[in-house]
Amino acid sequence: MHLLASRTGNGEILVLSLDAEGNVAGPALRLPSHELPGYVLGQERDRPRWVWEDTARIYPLLLAAGIRVQRAHDLRLCHAILRQSSLTQASALARAEPSRWDRAVAFEPAASASGVTLFDLFDSDGDSAAGSAAAGFGTQAEYRRQLDAVRASAEPGRLRLLLAAESAGALIAAEMQFAGLPWRTDVHDALLTRELGPRVAPGIRPERLENLARRIRDAVGEPGLNPDSQPDLMRALQKVGLKVTSTRAWELKELTHPVIDPLLEYKKLARLLSANGWYWMDTWIVDGRFHPEYIPGGVVTGRWATRGGGALQLPKQVRGAVVADAGWKLVVADAAQLEPRILAALSADTAMAQAGRGTDLYAGIVAGGVVETRDHAKVAMLGAMYGATRGESGRLLPRLAKAFPRALALTETAARAGERGESVTTRLGRSSPRPGERWLATQAKAYDPGATDADERRARSQARDWGRFTRNFIVQGSAAEWALCWMAEVRRELRMLPQGAQGASGSEFDRAPHLVFFLHDEVMVHTPAALADTVEEIIRRAADNAGRHLFGDFPVDFLLTVATVDSYAQAK
DNA sequence: GAGTCCGCTCGG
DNA sequence: TATACCGAGCGGACTC
């Protein structure tokens, strides 16, 4: 059963019951918006799939009302996929003129804080006036277009899985933001004080940072130097005879001079203060939880982006502040060498899959005699997936290509397609964007009779850049699909635990295991300690299932590193 | 003063 | 012992 919820012209929510083709299969229901949460809760027993315009706008208000839904279809996210996918290019959806479904939606964060009601967040579209979906841009019309596009595609099964996973991701994103990552400000504050010195007002250097700044100024003989000014620092270093081309830490590390040690230490601590210092803590930690905004589909490849608090870059330095509640545990799992395994499966390279069977894939490559050290195996693999040509990685590539011809052929083919300006497509059907007008113009110019050498060089270099992008796109994008399927399975199974059932007292997030963090190939579940073992099993089973969903019987392992810990710092 | 770009460092 | 892919976000410098 599919229930499509949209806004009517007269202040109500319209709920349509639809069949698998998107046709109306029951009487329409009109509800005042304040009655929607109760209605949704009542319907959840039948596990409907809610069809709505934008999970990120709607779901937070249901969550705030204590309601979780099991399944959804996010029309905005799914439209973006189908619009672009090479598998649906013949569909009416892909051929239509741009409409409101193609607009990037700038949704309001913290809607609940400003008295926004559910009604405001649903789309108003003409579906209510019978037949005036004639405009064709209503939610039901859009849903039917999406179903049609999938049904007529070459790979309906894969696309259905992708759309379901993307939509489940949107639910998870909203739930994780709502629940938050457990964060101990007292631990964080102690850590900052130990590293930087006692807390000071914003704009003032903490004691240890100020001491280091003084040592830097002394060492270069410039009492007024501001070590935060890159140009000034650069000049000062050159004045004392250091031939640097930048002030990056790795370049400074190579040098010997009294200024280097304090400068490297200064950079490390200045970064800690500016990125995750007290100001960050005050801004982002609310009632012991970090609530970053996750943005599913926010990266072209299908990875998630985030906004606020830098959730994609939580430094290892501060992970000690992520601590489970008393009586609870954190189960942290990451997929080991995910992208090479994805590449092996995508290309059906059985030799490469074999190298990772039951073991660290890089170690397996060494064991197979392809290269001498794990580091070499890793550098060579990354080079194959990212398109390295020079250096160590470039030198090792031929050996990799000899051992794993199918895998390397796949990345090469993807790169060549990109160089020609073509798009490439992931396992489940997400396609890369086409290069823009300027790219095409630059290529065209190189073929012009009057083209100069510089024109040709520019065109070649730009083509290779785009080739590296498409080369990486299919691997990174397919890995993102695997991770979405993995996480969706984890969520589904967690909710089937008795403690996950709705209706008991208190918020589900206060009594049952739930996802609290996700980062490309890593998930974290906050769970009552007694259930930690069960959660681990669920996470492992979900990884196996995700592999089967994407790659069927192809014999590739998706190995996990799983740790049940009190603090994130103890994982890995 | 607001907006934008650069350089840098963090994450995968 | 950098290089190649995808990001977020900061402080400073620069532009209008």
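Reckoned from all heavy atoms, side chains included, excluding hydrogens, waters and symmetry mates.
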Peer 1: Name the nucleic acid region contacted by A/Gly394, choosing base, sugar-phosphate or nothing; use a 4.0 angstrom heavy-atom cut-off, strictly under.
Peer 2: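 Nothing, no nucleic acid heavy atom in range.
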Peer 1: Reckon A/Ala305 touches a base, only the sugar-phosphate, or nothing at all at heavy-atom distances under 4.0 Å?
Peer 2: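 Contact class for A/Ala305: sugar-phosphate only.
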Peer 1: Below the 4.0 Å mark, does C/dG12 have OP1 or OP2 next to a side-chain nitrogen or oxygen of A/Gln230?
Peer 2: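 So the side-chain polar atoms of A/Gln230 never come under 4.0 Å of the phosphate oxygens OP1 or OP2 of C/dG12.
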Peer 1: Taking the side chain of A/Phe469 as heavy atoms from C-beta outward, which of C/dC5, B/dC10, B/dG12 is closest to it?
Peer 2: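 The nucleotide sitting nearest to the side chain is C/dC5.
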Peer 1: Just to confirm, is there a sub-4.0 Å distance from OP1 or OP2 of C/dA13 to any side-chain nitrogen or oxygen of A/Ser229?
Peer 2: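 Checking C/dA13 against A/Ser229, a side-chain N or O does come within under 4.0 Å of OP1 or OP2.
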Peer 1: Between C/dA8, C/dT1, B/dG11, which one does the side chain of A/Lys316 approach most closely?
Peer 2: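 So the nucleotide nearest the side chain must be B/dG11.
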Peer 1: Would you please indicate if the ring centroids of A/Trp486 and A/Phe518 are separated by under 6.0 Å?
Peer 2: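 No.
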Peer 1: So does A/Arg248 get a side-chain nitrogen or oxygen closer than 4.0 Å to the phosphate oxygens (OP1/OP2) of B/dC8?
Peer 2: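 It does, given that an N or O in the side chain of A/Arg248 lies less than 4.0 Å from OP1 or OP2 of B/dC8.
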Peer 1: Out of B/dG12, B/dC8, C/dG7, which has the shortest distance to the side chain of A/Thr247?
Peer 2: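 Nearest to the side chain of A/Thr247 among the choices is B/dC8.
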Peer 1: Contact class for A/Val300 vs. all strands (heavy atom < 4.0 Å): base, sugar-phosphate, or nothing?
Peer 2: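 Sugar-phosphate, backbone atoms only, no base.
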Peer 1: Under a plain distance cut-off of 3.5 Å, with no hydrogens placed, do A/Ser432 and A/Ser423 share a side-chain donor-acceptor pair?
Peer 2: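 Their side chains do not contain a donor-acceptor pair, so the 3.5 Å distance test is not met.
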Peer 1: Taking atom P of C/dA13 as reference, at what distance in whole Å does atom CZ of A/Arg235 sit?
Peer 2: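 For the pair A/Arg235 CZ and C/dA13 P, the rounded distance is 9 Å.
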Peer 1: So does A/Asn276 get a side-chain nitrogen or oxygen closer than 4.0 Å to the phosphate oxygens (OP1/OP2) of B/dC10?
Peer 2: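 Answer is no, no contact under 4.0 Å.
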Peer 1: May I have the distance from A/Tyr279 (atom OH) to C/dC10 (atom C1'), rounded to whole angstrom?
Peer 2: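 Spelled out: OH on A/Tyr279 to C1' on C/dC10 is 12 Å.
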Peer 1: At less than 3.5 Å, do the side-chain atoms of A/Arg390 and the base atoms of C/dT3 form a donor-acceptor pair?
Peer 2: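 No pair found.
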Peer 1: May I ask you to say what A/Thr389 touches in the nucleic acid, namely base, sugar-phosphate or nothing, with a heavy-atom cut-off under 4.0 Å?
Peer 2: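 Since no nucleic acid heavy atom lies under 4.0 Å of A/Thr389, the category is nothing.
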Peer 1: Please report, rounded to the nearest Å, how far the P atom of C/dA4 is from the CD atom of A/Gln476.
Peer 2: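 In whole Å, C/dA4 P and A/Gln476 CD are 16 Å from each other.
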Peer 1: Using modelled atom types and a 3.5 Å cut-off, is there a donor and acceptor pairing between side-chain atoms of A/Thr247 and backbone atoms of A/Gln230?
Peer 2: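 No; zero donor-acceptor contacts below 3.5 Å.
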Peer 1: Among C/dG7, B/dC10, B/dC8, which nucleotide has an atom closest to any side-chain atom of A/Leu312?
Peer 2: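 The listed nucleotide nearest to A/Leu312's side chain is C/dG7.
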Peer 1: Name the residue closer to the 5' end of DNA chain C, choosing between A/Gly310 and A/Arg303 according to the nucleotide with the nearest heavy atom.
Peer 2: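 Between the two, 5'-proximity favours A/Arg303.
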Peer 1: For A/Leu255 and C/dT1, what is the distance between atoms CG and C1' respectively, to the nearest whole Å?
Peer 2: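 It is 15 Å, rounded to the nearest whole Å.
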Peer 1: In terms of side-chain heavy atoms of A/Glu254, which of C/dC5, C/dA4, C/dT1 is nearest?
Peer 2: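 Looking only at side-chain atoms, A/Glu254 lies closest to C/dT1.
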Peer 1: Output the single nucleotide from C/dT3, B/dC8, B/dG11 whose closest atom is nearest the side chain of A/Pro315.
Peer 2: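 So the side chain of A/Pro315 is nearest to B/dG11.
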Peer 1: So which nucleotide from C/dA4, C/dC6, B/dG7 ends up closest to the side chain of A/Tyr386?
Peer 2: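 So the nucleotide nearest the side chain must be C/dA4.
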Peer 1: At under 4.0 Å between heavy atoms, what does A/Gly308 touch on the DNA or RNA strands: base, sugar-phosphate, or nothing?
Peer 2: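 Sugar-phosphate: the residue A/Gly308, judged by heavy atoms under 4.0 Å, touches backbone atoms but no base.
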Peer 1: Would you mind reading off the distance between A/Leu382 atom CG and C/dT1 atom C1', rounded to a whole angstrom?
Peer 2: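 Those two atoms, CG and C1', are 14 Å apart.
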Peer 1: Between A/Ala388 and A/Ser274, who's closer to the 5' end of DNA chain C by nearest nucleotide?
Peer 2: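 Here A/Ala388 is the residue nearer the 5' end.
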Peer 1: Measure from the side-chain heavy atoms of A/Lys267 and tell me the nearest of B/dC10, B/dC8, B/dG12.
Peer 2: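 Per side-chain heavy atoms of A/Lys267, the pick is B/dC8.
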Peer 1: For the side chain of A/Asn226, counting heavy atoms from C-beta on, which of C/dC6, C/dA2, C/dG12 is nearest?
Peer 2: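 Minimum distance to the A/Asn226 side chain belongs to C/dG12.
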Peer 1: Rounded to the nearest Å, what distance is computed from the CZ atom of residue A/Arg271 to the P atom of nucleotide B/dC8?
Peer 2: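 Those two atoms, CZ and P, are 13 Å apart.
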